[in-house]
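One structure below.
All of these numbers come straight from a predicted model, not from anything done at the bench. Read the numbers this way: they start at 1 and go in the same order the structure lists the ligands and their atoms.
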Amino acid sequence: MKKKINIGMIGTKFMGKAHSHAIKDVSMFFDLDVEPVMMTLCGTAPDLPDLAKKYGWENWTSNWMDVINDPKIDAVVILTPGFLHKDMVIAAAEKGKHIMCEKPLANSYSEAKEMFEIAEKNKIIHMTSFVYRKIPAINLAKKLIDEGKLGEIYHFRALYQQDWAADSDWVWRFDQKQAGSGSMSDKGSHIIDLARYLVGDITEVVADSKIYLNEKRVPKTEEMREVTTDDACMFITRFANGAMGLFETSRISTGHKNYLSFEINGSKGSVRFNLERLNELSVYLKDEDPSIQGFRTVMMTDPCHQYMSNMWPAGHVIGWEHGFIFEYYEFFKGISENKNPNPSFEDGLKAQAIIEAVIKSVAEKSWVSIQKQF
Ligand SMILES: NC(=O)c1ccc[n+]([C@@H]2O[C@H](COP(=O)([O-])OP(=O)(O)OC[C@H]3O[C@@H](n4cnc5c(N)ncnc54)[C@H](O)[C@@H]3O)[C@@H](O)[C@H]2O)c1
């Protein structure tokens, strides 16, 4: 019989739904060595009991310490605003529970360091939910880079644009104390992580950011509240391997709903990716016959691509939510093999060092080196 892994999840809203769906469905696609059990859902929503039932959880609680203190719970999933991550991670790690924590791992480098260290000390399995690493097209980009097919990497260029903040009422993401930073850490943490994953360590940054919409209406009131996190950020980086990086994040890019895109140019070829077409990777290889040369669109649904032999027959596309299923496959594999999956808290911590350098660079209007030691 498979070992049961009893799970407690803190956070029920956007990510609560995405993660619940993934945990529920992961065993449908993958043969796991453990059996995930959706034991307790925790959140602050008034309809929590209904949500728990709808998502497939056995129990619910509005007190997150109930999840931590429950000796039956083996793994905790943390899907709350950033300012709550540290206390929840530390409490769960001290009880020896495995942890999946949403990105950005924390609201500061020092918080993330404490979280990483306590997770290591308690020998738990830990994962930061940089879910886009698990998209098959991004895995193909990594494979091409690692096999040298793109040659020496010259440029990494990434955009993460959304427009939800242009018209929204006040939410926690507008408050620096709760969110740490704005579009830069919320969206930027994803493309920073992809840059590290695909190209390697970043050594220096120079950045600028701006708040365009200085106040927001508190929902269902006439009260206007100050916005203290950036609406947009642009930064340039240097990588340890000599590549240059160009990053842009925005939550007020009118018309863009979830446009995460990147292009990587190397001495032998290039790749292009756009999350809104996540079943495709654009590939250009210099050594091809010049008469048919050009960017080709590789459809990612064939079984040769990562995870796809467990999905549908070729040509039957996957969606945004499947990234979370792949992430949970890795998380549960990590638990059964007692080996940290990637991206772990270490990746969350390394991304945090870059986020902190970007914030410093904006404040100082100068280049900042990533000096933190790991
Ligand atoms: N990986 C991704 O693609 C992705 C996408 C969106 C958000 N996120 C991250 O996920 C996290 C949550 O974001 P979201 O969009 O789901 O936010 P959200 O506002 O939709 O949900 C926040 C949840 O936290 C819960 N919560 C808040 N305070 C709590 C407390 N004291 N005790 C228990 N529960 C509490 C709320 O009940 C709510 O369910 C953030 O870290 C965010 O950066 C990641």
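With 3.5 Å as the limit, one finds no donor-acceptor pair spanning the side chains of His126 and Glu346. Tyr197 and Asn139 form a side-chain donor-acceptor contact under 3.5 Å, judged by distance and modelled atom types alone. Between the side chains of Ser270 and Asn265, at least one donor N or O lies within less than 3.5 Å of an accepting N or O. For the residue pair Asp289/Ser291, the side-chain donor-acceptor check at 3.5 Å is satisfied. At a cut-off of 3.5 Å, with distance as the only test, no side-chain donor of Asp230 or Ser209 sits close to an acceptor on the other residue.
Residue Tyr132 places a heavy atom under 4.0 Å from ligand 1. The closest approach between a heavy atom of Cys101 and any atom of ligand 1 is not below 4.0 Å. Not a single heavy atom of Gly16 lies less than 4.0 angstrom from ligand 1.
Near Gly43, the atoms of ligand 1 lying under 4.0 angstrom from a non-hydrogen atom of the residue are 34 (N), 37 (O). Ligand 1 places these atoms under 4.0 Å from at least one heavy atom of Pro81: 22 (C), 24 (O), 27 (C). Which parts of ligand 1 touch Ser129 is read off a 4.0 Å heavy-atom cut-off, strictly below it: atoms 1 (N). Atoms of ligand 1 lying under 4.0 Å from at least one heavy atom of Pro104, given by number and element, are 43 (O). Short contacts between ligand 1 and Ile10, defined as distances under 4.0 Å to a heavy atom of the residue, involve ligand atoms 33 (C), 34 (N). Close approach to His190 involves these atoms of ligand 1, each under 4.0 Å from a residue heavy atom: 1 (N), 2 (C), 3 (O). Listed by number with element, the atoms of ligand 1 under 4.0 angstrom from any heavy atom of His85 are 41 (O).
Contacts of Val171 with ligand 1, taken as heavy-atom pairs under 4.0 Å, are absent altogether. Contacts with ligand 1 closer than 4.0 Å are made by side-chain heavy atoms of Trp172 only, the backbone lying farther away.
When the ring pair (Phe, Tyr, Trp, His ring centres under 6.0 Å) test is applied to Phe295, the partners found at least two apart in sequence or on another chain are Tyr284.
Given atom 36 (C) of ligand 1, the protein heavy atom at minimum distance is Thr44 OG1, 3.4 Å. Looking from atom 44 (C) of ligand 1 to the surrounding protein, the closest heavy atom is Glu102 OE1, 3.0 Å. Among protein heavy atoms, the minimum distance from atom 23 (C) of ligand 1 is reached at Leu79 O, 3.7 Å. Taking atom 14 (P) of ligand 1 as the reference point, the nearest protein heavy-atom neighbour is Arg173 NH2, 3.9 Å. Closest to atom 11 (C) of ligand 1, if we only count protein heavy atoms, is Thr80 O, 3.5 Å.
Counting only heavy atoms from C-beta outward, the side chains of Ile145 and Ile153 approach each other to under 4.5 Å.
Aromatic ring pairs are classed by plane angle as parallel below 30°, tilted from 30° to 60° and perpendicular above 60°; the pair Phe332 and Tyr328 is tilted. Using bins of under 30°, 30° to 60° and over 60° for the plane-to-plane angle, the ring pair Tyr132/His190 lands in the tilted bin. Using the six-membered ring where Trp is involved, Phe14 and Trp320 have ring planes that are parallel, under 30° apart on the 30 and 60° scheme.
In terms of heavy-atom proximity, Thr301 sits nearest to Gly315 at OG1-N, 2.7 Å.
Residue Trp64 has no nitrogen or oxygen atom sitting less than 3.5 Å from a nitrogen or oxygen atom of ligand 1, judged on distance alone. For a threshold of 3.5 Å applied to N or O pairs, the pair formed by Cys42 and ligand 1 contains no separation below that value. Residue contacts with ligand 1: Lys13 is placed with a nitrogen or oxygen under 3.5 Å of a nitrogen or oxygen of the ligand (distance criterion only). Ligand 1 has no nitrogen or oxygen under 3.5 angstrom from a nitrogen or oxygen of Phe324. Checking only distances, Thr12 does come within under 3.5 Å of ligand 1, N or O to N or O.
Of the charged side-chain nitrogens involved, at least one lies within less than 4.0 Å of a carboxylate oxygen, so that Lys72 and Asp70 count as a salt-bridged pair.
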Sequence neighbours left out, cut at 3.5 Å: what donor-acceptor pairs do the side chains of residues 50-58 make with other protein atoms?
from, atom 1, to, atom 2, distance (Å)
Tyr55, OH, Thr12, O, 3.2
Trp57, NE1, Ser20, OG, 3.0

